[in-house]
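Working notes for the structure below.
Counting from 1, the numbers follow the sequence of the chain as shown.
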Amino acid sequence: PTYGFGGFFDDKKSSDPVLLSGKPAIDMEGIIKVYKAALKDVTLGHPTNFQPSIRLAKLAARKSIQQGDLVYTVLLICTDGDISDMQATIDEIVDASNDPLSIIVVGIGYLEFEHMEVLDADTQNLKDSKDKPAARDIVQFVPYAQYSDAPHKLGPELLKELPAQITQYMQRQNQFPT
């Protein structure tokens, strides 16, 4: 599924995720097609709240577990770097850190991305507002501008932490390949 957030959808302001297409995209080309089509009818704006999108992905991941499916969810967020709900986002990431979920954040543009670096938690583990630490690092942040001259290097960088994140999740669940 491809969602949009942080804009005006059907002339109504929404910071909650809005489904952009009734049919799921099956690859990146499909996601880009849905996004470009939506931009014709959407006006981008503020606030930029990540928490509702992360919550939606977390609930989908938990639903797959309840159904007995062996599914690992990856949420891709493309952002200009602005974030309006930093603490709520951190709280949601910490809560989701035990779930089969990874979050890849792509910074679009040339703004400062210090908030995204904090969410990435490569140097310091995230803690929620009650000082509970994340069970594992589930966020990878990559600034697109660093790869605009070599886009073929973007994909490997986006996916660099994903194998370890999946492996950590599976080990925590005592599930090993057979």
Side-chain angles (χ1 to χ4, degrees), residues 1-21 24-25 28 31-32 34-63 73-148 154 157-162 165:
T2 305
Y3 293 87
F5 66 94
F8 293 87
F9 301 86
D10 296 325
D11 295 326
K12 293 186 337 194
K13 190 174 194 171
S14 177
S15 59
D16 290 335
V18 174
L19 188 62
L20 298 180
S21 173
M28 279 305 295
I31 292 171
I32 292 169
V34 167
Y35 187 74
K36 283 183 177 180
L39 283 176
K40 295 174 187 172
D41 301 318
V42 173
T43 304
L44 301 178
H46 294 280
T48 303
N49 295 333
F50 284 12
Q51 183 271 340
S53 297
I54 295 169
R55 184 170 196 278
L56 186 68
K58 175 188 76 175
L59 293 176
R62 288 181 179 174
K63 184 177 181 182
T73 301
V74 179
L75 172 64
L76 172 66
I77 297 176
C78 299
T79 181
D80 64 2
D82 189 21
I83 184 169
S84 305
D85 65 343
M86 187 66 171
Q87 190 59 58
T89 294
I90 290 171
D91 290 352
E92 199 69 57
I93 291 169
V94 170
D95 187 52
S97 65
N98 282 309
D99 296 314
L101 174 67
S102 288
I103 303 164
I104 298 173
V105 180
V106 180
I108 307 296
Y110 297 94
L111 294 176
E112 295 297 320
F113 292 110
E114 63 269 357
H115 289 116
M116 302 308 112
E117 298 290 350
V118 169
L119 297 179
D120 194 340
D122 282 343
T123 58
Q124 185 174 355
N125 195 21
L126 285 180
K127 291 185 178 181
D128 69 11
S129 55
K130 296 178 182 171
D131 212 34
K132 175 185 172 188
R136 60 192 181 91
D137 176 14
I138 65 170
V139 178
Q140 166 71 341
F141 167 71
V142 178
Y144 177 80
Q146 288 183 3
Y147 299 91
S148 59
L154 179 63
E157 189 64 25
L158 289 172
L159 301 175
K160 184 167 97 175
E161 294 182 11
L162 190 58
Q165 291 171 350

Pairs touching residues 136-146 that satisfy salt bridge (Lys or Arg N to Asp or Glu O under 4.0 Å), sequence neighbours left out: none
query: Ala145: what forms a side-chain contact (heavy atoms from CB on, under 4.5 Å) with it, not counting sequence neighbours?
result: Tyr110
statement: In terms of heavy-atom contacts, Val94 and Asp128 come closest through CG2-N, 3.7 Å
query: What pair of heavy atoms forms the shortest contact from Pro100 to Ala61, and how long is it?
result: O-CB, 3.7 Å
query: Within the distance-only criterion (no hydrogens, no angle test), does the side chain of Glu157 pair as donor or acceptor with the backbone N or O of Tyr144 below 3.5 angstrom?
result: no
- request: Specify the closest pair of heavy atoms between Leu101 and Ala96, including all atoms of both residues, with the distance to one decimal.
  value: CD2-CB, 3.8 Å
task: Using the test side-chain contact (heavy atoms from CB on, under 4.5 Å), find all partners of Leu162 that sit at least two apart in sequence or belong to another chain.
output: Tyr72, Val74, Ser102, Leu159, Gln165, Ile166
Rounded distance [0.5 Å steps], CD1 in Ile103 versus CD1 in Ile77: 6.0 Å
- prompt: CG/Leu158 to NZ/Lys160 distance, rounded to the nearest 0.5 angstrom?
  reply: 11.0 Å
task: Please report the closest heavy-atom contact between Asp91 and Ser129, naming both atoms and the distance.
output: OD1-N, 2.7 Å
message: So Leu76 and Val106, do their side chains get closer than 4.5 Å, heavy atoms only?
response: yes
statement: Across all chains, not counting sequence neighbours, the side chain to side chain donor-acceptor pair (under 3.5 Å) partners of Asp95 are Lys58, Arg62
task: Give, for atom CD1 of Ile93 and atom CZ of Arg55, the distance between the pair rounded to the nearest 0.5 Å.
output: 15.0 Å
- request: Could you tell me the separation between the CG atom of Asp99 and the CD1 atom of Ile138, rounded to the nearest 0.5 Å?
  value: 7.5 Å
Show me, pair by pair, the donor-acceptor contacts under 3.5 angstrom made by side chains of residues 117-125, not counting sequence neighbours?
{"from": "Asp120", "atom 1": "OD2", "to": "Phe141", "atom 2": "N", "distance (Å)": "3.1"}
{"from": "Asn125", "atom 1": "ND2", "to": "Ala134", "atom 2": "O", "distance (Å)": "3.2"}

task: Could I get the full list of side-chain contact (heavy atoms from CB on, under 4.5 Å) partners for Asp85, not counting sequence neighbours?
output: Asn49, Phe50, Gln51, Pro52, Ile83, Ala88, Thr89
